[in-house]
Amino acid sequence: MRINQCKIVDFPRIVDKRGNLIFIENNIHVPFSIQRVYYICDVPHESLRGGHAHKELQQMIIAVSGSFDILLDDGVNKEMVTLNRSCIGLYVCSMIWREISNFSSGSVCLVLASLPYDEQDYFRNYSDFLEAQQLIIRDQ
Ligand code: TYD
């Protein structure tokens, strides 16, 4: 899996003087079936989140409030993406190392995930991730 399979997705937005409404439907605006939703909030500005990759899990990451930066790394290429609008999401495919930083005050990072939580799905060590990714690239 490569960075170029990750992409920014625009969600439908119903603009209204009373406030905007954004909706997301399974398998339509998100290219997988959502099995889990979690969010990260009350993050101190200097905190780093992420710092891992997933073997199978796909995610859609959304800054529903505020902003933060996401570094994507497929073992060959790296890319920094800033999320700062609630109507867009960043689709992250499996086997991408990600680091999330520079959280603005009051920001909320919402994550839609393709699988239930499973610690066995994580690479928490960068060298282990690189080794596995190189094997995948070699076998392609
Ligand atoms: P982790 O995925 O490492 O957080 P980050 O978003 O910074 O990458 O998860 C932090 C802790 O929370 C870890 O102990 C596992 C636990 N956790 C769950 O129990 N369920 C979940 O759905 C998630 C995402 C994490």
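Remember, it's 1-based here, ligands and their atoms both numbered in the order they're listed. What you see is a predicted model; the values in this text were computed from it and never measured.
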Tell me, which protein residue and heavy-atom name are nearest [atom], and how many Å apart are they?
atom: atom 4 (O) of ligand 1; result: Arg49 NH2, 3.2 Å
atom: atom 8 (O) of ligand 1; result: His52 NE2, 2.4 Å
atom: atom 15 (C) of ligand 1; result: Tyr117 OH, 3.2 Å
atom: atom 13 (C) of ligand 1; result: Arg124 NH2, 4.1 Å
atom: atom 24 (C) of ligand 1; result: Arg36 NH1, 3.3 Å
atom: atom 2 (O) of ligand 1; result: Tyr122 OH, 2.6 Å

Contact bool for atom 22 (O) of ligand 1 (protein heavy atom, d < 4.0 Å): yes
Heavy-atom protein contact below 4.0 Å for atom 18 (C) of ligand 1: yes
Enclosure of Glu56 CD (heavy-atom neighbours >12, cutoff 6.0 Å): no
Close-contact set for ligand 1 against Ile40 heavy atoms, below 4.0 Å: 6 (O)
Which of the ligand 1 atoms, numbered from 1, are nearer than 4.0 Å to a heavy atom of Tyr38: 24 (C)
Arg2 backbone acceptor or donor facing Gln5 side chain under 3.5 Å: yes
Asp74 side chain to Ile3 backbone, donor-acceptor under 3.5 Å: yes
Phe103 and His45 aromatic centres sub-6.0 Å: no
Pair Asp121 + Lys55: basic N to acidic O under 4.0 Å: no
Smallest separation among heavy atoms of Met60 and Val30, with atom names: CE-CA, 4.0 Å
Whether Phe129 and Tyr126 hold their rings parallel, tilted or perpendicular, with breakpoints at 30° and 60°: tilted
